Amino acid sequence: MEKSAFSEYATAALACYQAQCGGVATLDREISGFYGCALLLSGSAGDVVVKFGWQSARAEQEVIGLSRLAPHCRVAMPDVIWRGTMMVLGAERDVLILSRLPGVAPWDVAKPWANPEQTAQQVVDVLLGWHAVSDERGFELPDAGFVDELLSAFEAWTLPLHDYVQSDASPFTPQQKLAYALLWQERQRFLAPLAGMPSSLVHDDPHAGNFLFDANNGELLAALDPCDVAFRHREQDIFHLADVAPELNLLETYLQHYPAPPGFAARRWFFSLWDDAKHSRNLRWYDVQWFDDKLAKLALEDAAFAKFGSKEASHA
């Protein structure tokens, strides 16, 4: 194949495979992701995926997430073969070697999907299985403690994001900072319809791109790439379903099984905006139009945010 755009990472991955798996491998494919890159290898000691992370401790979170989700998953999830660190391009990177599972990403499935309704139901069944797992202690905190109601858990996870957005070092525009201040101010109102509902084990990034499918018939084969797995509310998972492969109607299919309490149309953007703030804080990523567009979608559903949906608000 052509020289890898991640040639240094490819070289490191092949060396890591030889050292940790005891065999010789070849590079089949490289995938650039938000939190790192993945190198798909075929080797004499088995086929693997070698992942390099851009964020410190992200590999540890993935290991923990896989161990928590896999026992409750209807399809395969990767096994962890090795976790460590390597120096690549002068930086120490977290490294994971995972078992390589069959299947392809949704964008590599033959189009049109052979049976999109069936595929959507398969994905939703995986999420329903995770979300049926609750914890009698309630909702999980960042320190692995628990509280018995959602609002307090949400505040514990989200206050650092609020502080980041409002900080002098934040890349957010003044208008976006005002919008996030209002999001924080209105948190109790947004979450009130969910009061009294049980916690659920969440994947934290379950869009279609984090599943593998049969390349020809679209059958679901595997689930991948958990983010910050914890006992939260299922709505903190399901807003991701509309992010990738909208033709599958994953969110709409899930909502056939989950009678969302009033306010979901706005609450999905509430959760999504805070999730984007998390990714911005973690890697200093920022896209002004991305945030403006999501605020505009929230403005269509919640009158309190109407001013953030106007053209005059953009890039203010």
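Because the structure is predicted, anything quoted here is derived from the model rather than measured.
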Short side-chain to backbone donor-acceptor contact, Gln122 and Leu220, under 3.5 Å = yes
Which atom names give the shortest non-hydrogen contact between Ala260 and Leu255, and what distance separates them?
-> CB-CD2, 4.1 Å
Are the ring centres of Trp54 and Tyr9 closer than 6.0 Å?
-> yes
Between the CG atom in Leu194 and the CD atom in Glu149, the distance rounded to the nearest 0.5 Å is 12.0 Å
Audit row: Asp292, Gln176, side chain to side chain donor-acceptor pair (under 3.5 Å) steps and yes/no = CA-CA 7 Å; Asp292 279 348; Gln176 289 170 350; 3.0 Å; yes
Does the gap between the ring centers of Tyr35 and His279 come in under 6.0 Å?
-> yes
Consider only side-chain N and O atoms of His131 and Tyr258, and report whether a donor and an acceptor are under 3.5 Å apart.
-> no
Between Ser134 and Ser199, a side-chain donor and acceptor under 3.5 Å = yes
Closest non-hydrogen atom pair between Ala12 and Val88, with its separation | CB-CG2, 3.9 Å
For Pro261 against Met197, the heavy-atom pair lying closest together | CG-SD, 3.8 Å
Residue pair Ile238 / Leu251: nearest heavy atoms and the distance that separates them = O-CD1, 3.5 Å
Could you verify whether a donor N or O on one side chain and an acceptor N or O on the other, from Glu301 and Trp269, lie under 3.5 Å apart?
-> no
Where Tyr17 and Gly23 come nearest, the two heavy atoms and their spacing | CD2-O, 3.4 Å
Taking Asp302 for the side chain and Ala266 for the main chain, is one N or O donor matched with an acceptor at less than 3.5 Å?
-> no
What are the two closest non-hydrogen atoms of Ala208 and Leu250, and how far apart are they?
-> CB-CD1, 3.9 Å
If we ignore angles and hydrogens, is there a donor and acceptor under 3.5 Å between the side chains of Ser170 and Tyr286?
-> no
Does atom CD of Glu252 have more than 12 heavy-atom neighbours from other groups under 6.0 Å away?
-> yes
Lys51 and Asp225: salt bridge (charged side-chain N to carboxylate O under 4.0 Å, His left out), yes or no, with the steps?
-> CA-CA 11 Å; Lys51 298 182 71 173; Asp225 295 342; 2.6 Å; yes
Passes side chain to side chain contact (heavy atoms under 4.5 Å, CB included), Lys278 versus Tyr164? Steps please.
-> CA-CA 9 Å; Lys278 175 182 75 174; Tyr164 159 71; over 6 Å; no
Answer yes or no: is there an ion pair linking Glu235 with Arg268, defined by an N-O contact shorter than 4.0 Å?
-> no
Is the number of heavy atoms from other residues, nucleotides or ligands under 6.0 Å of Arg189 CZ greater than 12?
-> yes
Apply ring pair (Phe, Tyr, Trp, His ring centres under 6.0 Å) to Phe291 and Trp274, showing your working.
-> CA-CA 10 Å; Phe291 286 94; Trp274 285 117; over 10 Å; no
May I ask you to decide whether Asp28 forms a salt bridge with Arg100, counting only side-chain N to carboxylate O separations under 4.0 Å?
-> yes
Crowding at CH2, Trp290 (>12 non-hydrogen neighbours, <6.0 Å) = no
Using a strict cut-off of less than 4.0 Å between a Lys/Arg side-chain nitrogen and an Asp/Glu carboxylate oxygen, indicate whether Asp108 and Arg29 qualify as a salt bridge.
-> yes
Residue from Asp228, Asn210, Leu127 passing side chain to side chain contact (heavy atoms under 4.5 Å, CB included) with His203 | Asn210
Residues Gln121 and His257: side-chain donor-acceptor under 3.5 angstrom = yes
Going by chain and number, the hydrophobic cluster around Leu101 (ILVMFWY, side chain to side chain under 4.5 Å) further includes Leu212, Leu224
Please work out which of the three classes, parallel, tilted or perpendicular, describes the rings of Trp184 and Phe154, given edges at 30° and 60°.
-> parallel
Judged by atom type as modelled, is there a donor-acceptor pair below 3.5 Å linking the side chain of Glu140 to the main-chain atoms of Phe231?
-> yes
Is there a donor-acceptor pair under 3.5 Å between the side chain of Ser42 and the backbone N or O of Asp47?
-> no
Asp276 bridged to Lys294 by N-O distance under 4.0 Å = yes
